[in-house]
2 protein chains.
Amino acid sequence: MNRGNLKRGNRPISKSHTNHRGPTSYDVAQHAGVSQSAVSRCFRPGCSISTATRSRVLAAARELGYQPNAVASGLITRRTGLVAVLISNLTNLYYPEVLAELTTRLAARDIRVLLFTLQAESDIDATLAQVWRYRVDGAIVAARLSQVQLRDFRQKRVPVVLYNRFGEGEYVASVCCDSAAGEHILVDGLVAAGHRSFGIISGPDDSYVSAQRVTGAQRRLADHGLTSLLVSGQFDYDSGKSGLRALWARSGGKLDALICANDLMAIGAIDCARNELLLQLPEALSIVGFDGVAPAAWDSYRVTTIRQPVGRMTEAAVSMIIERIADADLPPEVRTFAGMLMSGGSARLA
Amino acid sequence: MNRGNLKRGNRPISKSHTNHRGPTSYDVAQHAGVSQSAVSRCFRPGCSISTATRSRVLAAARELGYQPNAVASGLITRRTGLVAVLISNLTNLYYPEVLAELTTRLAARDIRVLLFTLQAESDIDATLAQVWRYRVDGAIVAARLSQVQLRDFRQKRVPVVLYNRFGEGEYVASVCCDSAAGEHILVDGLVAAGHRSFGIISGPDDSYVSAQRVTGAQRRLADHGLTSLLVSGQFDYDSGKSGLRALWARSGGKLDALICANDLMAIGAIDCARNELLLQLPEALSIVGFDGVAPAAWDSYRVTTIRQPVGRMTEAAVSMIIERIADADLPPEVRTFAGMLMSGGSARLA
DNA sequence: TTGAAAGCGGTACCAA
DNA sequence: TTGGTACCGCTTTCAA
């Protein structure tokens with residue numbers, strides 16, 4: 001058979017992985033005594049190959065420790081098997097859970113995660129440049145995208161699913177927890193329980209979810225003929241403390257309900273109320289949060305909050321991106337999930 | 001000049017990005033009236049190119065929105081600009097911080113993160129198969145690797161840096177927080193303050209850091225002529241509660257110091273002690289943790305713990321992997337960092 | 001079913 | 001400095 005004469009380009013195929021990362025399909029082909037094409041087919045589902053050659057190839061592959069090179073196949077198929085995940089703030093306690101769920105579910109569908117964490121929701125452009133360079137099959141984005149940025153996705157035909165955000169001025173595939181509805185539940189419960197003097201601590205100014213939650217709460221309060229005091233925070237523990245401090249001062253100590261835009265700030269506020277203001281919770285002050293992160297359920301806090309159905313939301317995001325990778329022309333779709341009230345001990349609700 | 005005759009393979013170069021992901025270097029070349037090689041050079045640092053053509057190429061590139069294809073260049077250069085990050089349990093509260101630091105620092109050095117989260121530290125083989133397929137430049141691993149797995153890294157010449165783990169039976173580049181030294185500080189402080197009846201809650205059986213911390217504490221106690229009761233947990237909040245419950249029963253209520261293998265369990269134990277056992281902390285019982293995660297510092301817990309210097313550790317991991325990507329033959333090196341005692345209110349220390 | 005061959009989009013060597 | 005060209009390792013026609 002004179003396999004020794006087999007060539008690749010103008011080099012004998014016997015060269016190859018000695019000083020490289022690993023064996024190539026040519027090495028396997030030679031080892032199994034078949035053509036390189038045959039090796040390739042063995043690793044692609046639904047290719048016509050006889051069971052005989054298939055098993056010989058697989059044996060050779062196992063023996064050499066061959067793994068198809070995803071970079072090479074990504075180049076020719078234009079499918080990298082990569083999805084970019086953009087997350088603004090991993091220290092938020094909410095996002096680690098989301099990220100863990102996303103990677104697990106994507107891995108189960110044979111997709112890898114290219115992770116990008118953003119310092120602010122603003123420095124996205126540099127990050128997106130990298131996303132384009134890597135020819136990802138799609139992107140799941142938990143950060144604010146401008147219309148221009150969204151247009152880039154469409155123009156490059158890279159499907160994108162927004163997580164807890166909407167396209168602004170544009171209809172984009174997204175999965176959300178209904179912030180307004182969640183706040184309505186909280187406000188209604190608080191008002192029905194007799195609260196009248198409300199304070200709100202918002203998240204960062206450029207945060208989309210914060211805006212949604214705050215206006216959701218404000219509108220519902222207005223429906224009840226009530227107003228509220230507002231201070232802005234950064235979604236972190238300290239913001240909860242300083243926010244409550246500020247509101248307490250501004251209200252002259254007559255605040256009786258505090259709505260925090262996320263759990264972390266609610267936790268900070270609870271500590272401030274108990275330890276600095278020496279208030280009994282929830283008798284003297286009701287505090288509510290949003291997200292339903294694990295620490296919110298800890299005995300020392302038991303935050304009354306709205307739990308986002310993270311499992312269902314990430315599953316939705318993953319299946320939406322997969323569908324759109326398969327068919328880039330699927331119409332935009334927004335999937336909204338209701339949050340679930342977790343009645344803790346930090347607030348009196350009717 | 002008859003550029004229309006320029007060919008690529010046997011196709012006119014005018015074809016191309018209309019139905020693809022983006023323009024190629026050929027498109028830019030045509031647009032700028034130069035060869036494709038010239039375009040390529042413009043995007044590689046330290047290539048000889050005249051400022052004139054350079055600026056024309058860059059103008060054309062900008063106009064077309066050209067970004068060099070990282071997949072293609074990864075194929076030929078065998079540098080993908082990717083580092084795999086393997087993390088066992090993102091819900092640990094400690095790892096999100098590590099991950100955020102790692103991605104930020106790697107991005108600053110023009111490296112992207114391919115993220116893999118592991119369900120258990122055991123299902124690594126399937127994950128590693130993916131790592132190999134993507135020809136990553138290196139890997140940072142916060143999970144247990146067997147000798148066989150470590151050998152694969154060496155054989156494929158993919159540099160690896162272990163995070164808070166050592167190579168077992170093999171010398172591997174790694175960055176660690178000194179668990180034993182940290183536990184020594186805690187044990188010494190507790191013993192000096194008069195504690196004599198110790199309990200320990202370990203992490204999962206397959207966790208390396210847990211083993212390190214537990215044996216570190218046990219040995220130091222032995223040095224003081226003391227023993228301890230041991231129960232095993234899962235590094236989570238509930239394990240802290242159930243662990244303390246079990247130890248309290250086994251000790252007949254005469255436990256006076258509890259050493260938890262991480263902060264999360266310490267927090268659970270604190271809640272159990274206060275709310276179930278109705279103990280005054282730290283008078284009736286001292287509880288210590290390990291890690292120094294953010295919630296440990298919250299007012300309601302103020303866990304006495306050892307803070308790992310995450311910033312310095314991740315910086316070390318990143319610079320070690322970068323060095324080894326540049327030179328795969330660098331000798332293994334273990335960089336160990338001392339933890340810092342955070343005296344909270346959960347324990348009496350001398 | 002099988003193998004030969006033409007790319008995928010770059011990089012890098014080479015001669016001009 | 002520049003353009004031509006041979007690859008990187010795989011997928012995918014197309015004939016045999």
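Convention: sequence-line order gives letters A, B, ...; per-chain numbering from 1.
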- With nearest nucleotides of DNA chain D determined for A52(B) and P68(A) from heavy-atom distances, which residue corresponds to the more 5′ nucleotide?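 Its nucleotide being nearer the 5' end, the pick is A52(B).
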- Task: On DNA chain D, check which nucleotide each of S37(B) and Y66(A) is closest to and give me the residue with the more 5' one.
- Result: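 First, find each residue's nearest nucleotide; the 5'-ward one identifies S37(B).
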- Query: Which nucleotide in the set dT1(D), dG7(C), dC10(D) lies at the smallest distance from any side-chain heavy atom of S73(A)?
  - Reply: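 Selected nucleotide (nearest to the side chain): dC10(D).
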- Query: Out of dG3(D), dT1(C), dC8(D), which has the shortest distance to the side chain of A38(B)?
  - Reply: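 The answer is dG3(D).
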Any side-chain heavy-atom pair from [X] and [Y] closer than 4.5 angstrom?
X       : Y       : result
L99(A)  : L90(A)  : yes
R112(A) : V83(A)  : no
L86(A)  : L128(A) : yes

If the cut-off is 4.0 Å, is [X] near the phosphate of [N], judged by side-chain N/O to OP1 or OP2?
X      : N       : value
S50(A) : dT1(C)  : no
S35(A) : dG3(C)  : yes
T77(B) : dT11(C) : no
S40(B) : dT11(C) : yes
R79(B) : dC8(D)  : no
T53(B) : dT1(D)  : no

Can you see whether [X] engages [Y] through a side-chain donor-acceptor pair at a distance of less than 3.5 angstrom?
X       : Y       : answer
S146(B) : Q149(B) : yes
T80(B)  : R135(B) : no
Q119(A) : T104(B) : yes
T53(B)  : S50(B)  : yes
T117(B) : T103(A) : yes

Integer-rounded Å distance: [N] [atom2] and [X] [atom1]:
X       : N       : atom1 : atom2 : value
F43(B)  : dA12(C) : CZ    : C1'   : 17 Å
R133(A) : dC8(C)  : CZ    : P     : 20 Å
Y26(A)  : dA4(C)  : OH    : C1'   : 9 Å
R41(A)  : dG9(D)  : CZ    : P     : 20 Å
I76(A)  : dC7(D)  : CD1   : C1'   : 14 Å
R135(A) : dC8(C)  : CZ    : C1'   : 11 Å
Q36(B)  : dG4(D)  : CD    : P     : 10 Å
L75(B)  : dC7(D)  : CG    : P     : 14 Å

- Message: At 10 degrees resolution, what angle do the end axes of the helix from dT1(C)-dA16(D) to dA16(C)-dT1(D) form when each is taken over five base pairs?
- Response: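 Inter-axis angle at the ends, rounded: 40°.
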- Which residue lies more 5' along DNA chain C, comparing R44(B) with V71(B) via nearest heavy atoms: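 Closer to the 5' end of DNA chain C: V71(B).
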